[in-house]
Amino acid sequence: MGVVTRFAPSPTGFLHIGGARTALFNWLFARHFGGKFLLRIEDTDRERSTAKAVDAIVDGLKWLGINWDEEPVFQSSRLRRHVELAESLVTAGKAYYCYCSAAELDAMREEAKSNGLTPKYNGKWRDRDPKEAPVGVRPVIRLKIPMLGETTLADLVQGIITVSNDQLDDMILVRSDGTPTFMLSVVVDDHDMDITHVIRGDDHLTNTFRHIQIFNAFGWDIPQYAHIPLIHGPDGAKLSKRHGALGVDAYRTMGYLPEAICNYLLRLGWSHGNDEIISREQAIEWFATENLGKSASRLDFSKLNNLNGHYMRAADNQRLLNDLLEIIEEDVSAEKRCRLLRGMTGLKQRAKTLLELRDLARIYTGDFIPAQMDFEDLDILRIISVKLRSLEEWTEENLEKQLREFSLEKNIPFGKIASLLRNILSDRKITPGILDMLVSFGRGESLERINAALS
RNA sequence: GUCCCCAUCGUCUAGAGGUCUAGGACAUCGCCCUCUCACGGCGACAACACGAGUUCGAAUCUCGUUGGGGACACCA
């Protein structure tokens with residue numbers, strides 16, 4: 001049977017950057033082996049789950065180009081099955097009803113803690129006669145975890161990890177309100193969906209020992225696990241909203257390209273020798289859990305910017321123009337769109353993000369105030385004006401030829417001419433090359449601006 | 001507190017006992033290219049957390065210390 005992976009976010013917020021990486025890795029792994037990648041929405045927490053969050057996650061994945069197979073599974077629709085299975089465990093003597101109150105549980109934890117032990121449930125109802133059940137109290141269902149022995153996990157990333165069973169407590173499978181817990185639901189769904197490999201953040205590592213116990217109770221096969229390290233903020237502390245725990249949509253509005261985000265995320269905690277720029281196809285071909293690192297990594301925006309710059313330069317001009325028009329508030333005339341498209345090659349190599357590109361683009365779309373010039377400059381400009389007007393074809397080659405000839409003829413440095421023209425075509429210090437600008441503006445607009453400066 | 005995990009340049013990492021006076025990338029700083037700015041090219045700076053072992057030999061193996069992270073809910 002083939003590989004089946006899944007991404008299982010809980011829809012309580014946006015698709016954050018760590019989640020995006022988890023999804024990416026699961027997706028790459030499945031695609032590498034020609035298997036399936038499934039999406040499961042873990043919405044068992046009805047209070048916190050929203051349809052809006054589901055949309056945000058779906059949009060985020062689509063934007064990143066991560067496509068899933070089959071219809072997404074909504075965990076909430078599987079409540080019945082989860083609870084029935086838990087009850088079957090009670091019947092089989094592998095789970096039991098517990099009637100403890102919240103106050104009792106607190107006391108147990110406090111007691112364990114004061115004895116220097118892991119705080120946990122003490123098994124009060126584990127072997128009690130159900131006849132002793134207090135009336136009017138709705139019980140939870142707890143799993144009977146073996147009191148002796150240990151549980152071992154052979155993790156694809158972290159290696160072999162063994163935990164003593166006395167660290168695990170009899171976890172709750174079904175709450176007193178009759179709803180299943182995350183622990184139960186994950187296991188049942190991973191089993192029912194035939195998940196073969198679970199790649200997830202290593203904040204789930206210790207949960208995995210509990211999951212294994214549930215798998216064992218049911219007598220089911222356990223999937224392979226790969227726990228990937230978490231992403232930290234630039235300061236090494238846990239990722240917070242302050243520094244990057246943003247939704248992928250936020251990265252989008254910051255002007256990053258999805259391929260840059262994917263490439264960046266891929267290289268965070270994973271490597272393939274010295275390769276840095278990795279296409280989607282190469283990533284699918286190369287991805288393997290063996291190359292995953294074990295330590296947490298920090299988010300580094302300067303590297304992301306560099307990568308984004310690379311993908312901007314590599315991007316198709318028309319596509320970039322479309323992206324750009326989406327984030328420009330005001331209308332851009334057809335004429336100016338043509339200008340932008342002609343000038344895109346020169347613009348995109350000067351921008352690291354779409355936001356920077358938008359700013360640079362104003363050279364071709366915005367208003368400007370031409371610089372003041374002295375008489376000498378005006379004389380030079382007058383001659384240039386005549387020379388350029390006489391050009392038959394307004395091409396970069398012809399423009400350069402004409403201006404270079406003029407430069408030699410009058411013994412005026414080409415740089416002087418270029419900066420003169422820059423000052424009357426734009427009021428920016430930083431612009432594309434002067435020939436590029438003349439071509440992008442086109443004959444009409446260029447001559448018009450020169451004329452305006454002369455008068 | 002208890003349990004688990006991690007540890008190479010500022011950052012992401014290569015490195016699976018000798019080829020490591022530790023390689024690449026980003027960032028930083030020079031130089032070159034050059035009409036400004038970028039791009040590109042060349043170069044510089046810069047790391048095996050610490051301490052014991054094992055071994056002829058350790059960044060690589062073992063143990064300890066320190067530092068960081070995660071988990072210990074009727075959240076997921």
Side-chain angles (χ1 to χ4, degrees), chain A residues 8-12 42-45 47-49 75 98 100 102 105-106 109 112-121 138-142 153 155 157-159 161-164 166-169 171-177 179 181-183 185-186 201-210 227 229-230 232 234 236-238 264 267-277 290-291 293-307 309 313 346-352 360 403 407 413-423 426 428-435 437:
Chain A
S10 55
T12 55
E42 305 212 324
D43 56 347
T44 50
D45 186 345
E47 297 286 303
R48 297 198 297 151
S49 301
Q75 205 157 52
C98 165
C100 285
L105 294 174
D106 280 345
R109 283 188 209 104
K113 225 168 182 172
S114 65
N115 291 334
L117 299 170
T118 303
K120 61 171 206 172
Y121 177 69
R138 304 196 52 178
V140 299
I141 296 178
R142 286 184 184 272
L153 163 69
D155 193 89
V157 173
Q158 308 291 342
I161 304 162
T162 300
V163 164
S164 172
D166 60 26
Q167 291 299 318
L168 277 22
D169 66 358
M171 82 203 85
I172 293 173
L173 264 22
V174 177
R175 302 186 189 101
S176 55
D177 66 359
T179 59
T181 60
F182 158 78
M183 294 288 174
S185 297
V186 169
D202 71 10
D203 50 335
H204 281 295
L205 190 63
T206 49
N207 280 334
T208 306
F209 295 94
R210 296 165 218 283
H227 286 94
L230 267 18
H232 289 171
K238 196 176 178 179
Y264 178 71
R267 281 288 290 108
L268 215 51
W270 180 87
S271 60
H272 183 267
N274 281 336
D275 295 305
E276 296 289 346
I277 305 289
E290 289 78 52
N291 303 323
K294 297 171 108 180
S295 55
S297 43
R298 303 179 186 203
L299 218 49
D300 176 15
F301 280 93
S302 64
K303 184 141 183 175
L304 211 206
N305 284 338
N306 174 274
L307 230 28
R313 271 170 261 135
L347 293 176
K348 70 183 183 185
Q349 64 181 280
R350 290 171 172 79
K352 295 263 189 263
L360 241 28
L403 292 176
S407 162
F414 187 78
K416 164 87 176 162
I417 296 170
S419 83
L420 213 57
L421 282 169
R422 173 170 296 105
N423 283 338
S426 166
R428 299 246 180 166
K429 292 259 180 312
I430 299 170
T431 75
I434 197 64
L435 300 168
M437 285 175 79

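Residue contacts shown for C98(A) are absent, as no nucleic acid heavy atom lies under 4.0 Å away. Looking at heavy-atom distances under 4.0 Å, T44(A) makes contact with sugar-phosphate atoms alone, never a base. Counting non-hydrogen atoms under 4.0 angstrom, H227(A) reaches nothing in the nucleic acid. Heavy atoms of T431(A) sit under 4.0 angstrom from at least one base atom.
Checked against salt bridge (Lys or Arg N to Asp or Glu O under 4.0 Å), R350(A) has no partners two or more places apart in sequence or in another chain. Evaluation of the side chain to side chain donor-acceptor pair (under 3.5 Å) rule for K303(A) yields E276(A) as partners, not counting sequence neighbours. For D155(A), there are no salt bridge (Lys or Arg N to Asp or Glu O under 4.0 Å) partners two or more places apart in sequence or in a different chain. Looking at residues two or more places apart in sequence or on another chain, you find a side chain to side chain donor-acceptor pair (under 3.5 Å) between K416(A) and D377(A). Every residue meeting the salt bridge (Lys or Arg N to Asp or Glu O under 4.0 Å) condition with D106(A), not counting sequence neighbours, appears here in chain and number order: R109(A). Judged as a salt bridge (Lys or Arg N to Asp or Glu O under 4.0 Å), and not counting sequence neighbours, D43(A) has no contacts. Judged as a side chain to side chain donor-acceptor pair (under 3.5 Å), and not counting sequence neighbours, Q158(A) has no contacts. In this structure, the side chain to side chain donor-acceptor pair (under 3.5 Å) partners of T431(A), at least two apart in sequence or on a different chain, are R422(A).
Contact annotation: the side chain of L299(A) approaches that of L268(A) to within less than 4.5 Å [non-hydrogen atoms, C-beta and beyond].
The nucleotide whose nearest atom lies closest to any side-chain atom of L435(A) is, among rC74(B), rC35(B), rC3(B), rC35(B). Of the candidates rC74(B), rA76(B), rU2(B), rA76(B) carries the atom nearest the Q75(A) side chain, counting heavy atoms from C-beta on. With distances taken from any side-chain atom of L230(A) to the nucleotides rG70(B), rC72(B), rC39(B), the minimum falls on rG70(B). Among the nucleotides rA76(B), rU36(B), rA27(B), the one closest to the side chain of S302(A) is rA27(B). Checking rA25(B), rA76(B), rC35(B) against the side-chain heavy atoms of E276(A) singles out rA25(B) as nearest. You'll find that the side chain of N306(A) is closest to rA27(B), out of rA38(B), rA27(B), rC74(B). Of all nucleotides listed (rA27(B), rC35(B), rC12(B)), rC35(B) comes nearest to the side chain of I434(A). Nearest to the side chain of D300(A), among rC35(B), rA76(B), rG10(B), sits rG10(B).
Going from atom NZ of K352(A) over to atom CG of L307(A) covers 10.5 Å, rounded to the nearest 0.5 Å. Atom NZ of K348(A) and atom CG of L360(A) lie 13.5 Å apart (nearest 0.5 Å).
For the C1' atoms, the distance from rG68(B) to rC50(B) is 15 Å, rounded to whole Å. Here, rU66(B) and rG30(B) have their P atoms 43 Å apart, quoted to the whole Å. Taking atom C1' in both rA14(B) and rA25(B), the straight-line distance is 11 Å, to the nearest Å. Comparing the same atom, C1', in rC45(B) and in rC9(B) gives a spacing of 10 Å after rounding to whole Å. The separation of rC33(B) from rC26(B), taken at their C1' atoms, amounts to 23 Å, rounded to a whole angstrom. For the P atoms, the distance linking rU28(B) with rC61(B) amounts to 35 Å, nearest Å. Straight-line distance between the C1' atoms of rA47(B) and rA7(B): roughly 12 Å, to the nearest whole Å. The same atom, C1', is picked in rG67(B) and in rG51(B); the two are 15 Å apart, to the nearest Å.
One can place CZ of R210(A) at 13 Å from C1' of rA76(B), the figure rounded to the nearest angstrom. Going from atom NE2 of H232(A) over to atom P of rG67(B) covers 17 Å, rounded to whole Å. The nearest whole Å value for the distance from the CG atom in L403(A) to the P atom in rU36(B) is 15 Å. Counting to the nearest Å, the C1' atom of rA38(B) and the NZ atom of K429(A) are 17 Å from each other. Between the CD1 atom of I172(A) and the C1' atom of rA76(B) there is a distance of 14 Å, rounded to whole Å. Here the C1' atom of nucleotide rC37(B) and the CD1 atom of I430(A) are 5 Å apart, to the nearest Å. With rounding to whole Å, N305(A) atom CG is found 14 Å from rC12(B) atom C1'.
Here rC56(B) sits opposite rG18(B) as a Watson-Crick or G-U wobble pair (both hydrogen-bonding atom distances under 3.5 Å). Pairing for rC31(B) is with rG41(B), a Watson-Crick or G-U wobble pair whose two hydrogen-bonding atom distances lie under 3.5 Å. Applying the Watson-Crick and G-U wobble criteria (two distances, each under 3.5 Å), rG51(B) pairs with rC63(B). When both distances must be under 3.5 Å, the Watson-Crick or G-U wobble mate of rC3(B) is rG70(B).
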Might you list the N or O atoms of the protein lying below 3.5 Å from N or O atoms in nucleotides 4-7 of chain B, with each pair's distance?
from	atom 1	to	atom 2	distance (Å)
rC5(B)	O2'	Q158(A)	OE1	3.2
rC6(B)	OP1	K294(A)	NZ	2.7

Could you go through nucleotides 43-50 of chain B and list every protein N or O atom that sits under 3.5 Å from one of its N or O atoms, giving the distance for each pair?
none

Dump every N/O contact between nucleotides 28-33 of chain B and the protein below 3.5 Å, one line per pair.
none

What does the list of N/O pairs under 3.5 Å between the protein and nucleotides 14-17 of chain B look like, with a distance for each?
from	atom 1	to	atom 2	distance (Å)
rA14(B)	OP1	S271(A)	OG	2.8

Derivation of the side-chain contact (heavy atoms from CB on, under 4.5 Å) call for I161(A) and T208(A): CA-CA 11 Å; I161(A) 304 162; T208(A) 306; over 6 Å; no
Trace of the side-chain contact (heavy atoms from CB on, under 4.5 Å) decision for E42(A) with V186(A): CA-CA 8 Å; E42(A) 305 212 324; V186(A) 169; 3.8 Å; yes
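When the side-chain nitrogen and oxygen atoms of S297(A) are compared with OP1 and OP2 of rU13(B), one or more of them lie within a distance under 4.0 Å. A close approach under 4.0 Å does occur between a side-chain nitrogen or oxygen of R109(A) and OP1 or OP2 of rA73(B). Using a 4.0 Å cut-off, some side-chain N or O of R313(A) falls inside it from OP1 or OP2 of rG40(B). For rA76(B), neither phosphate oxygen OP1 nor OP2 lies less than 4.0 angstrom from any side-chain nitrogen or oxygen of N207(A).
Taking the nucleotide of RNA chain B with the nearest heavy atom to each of P139(A) and L268(A), the more 5' of the two is matched to L268(A).
When the options T206(A), T162(A), L205(A) are evaluated for a side-chain contact (heavy atoms from CB on, under 4.5 Å) with L153(A), the one that passes is L205(A).
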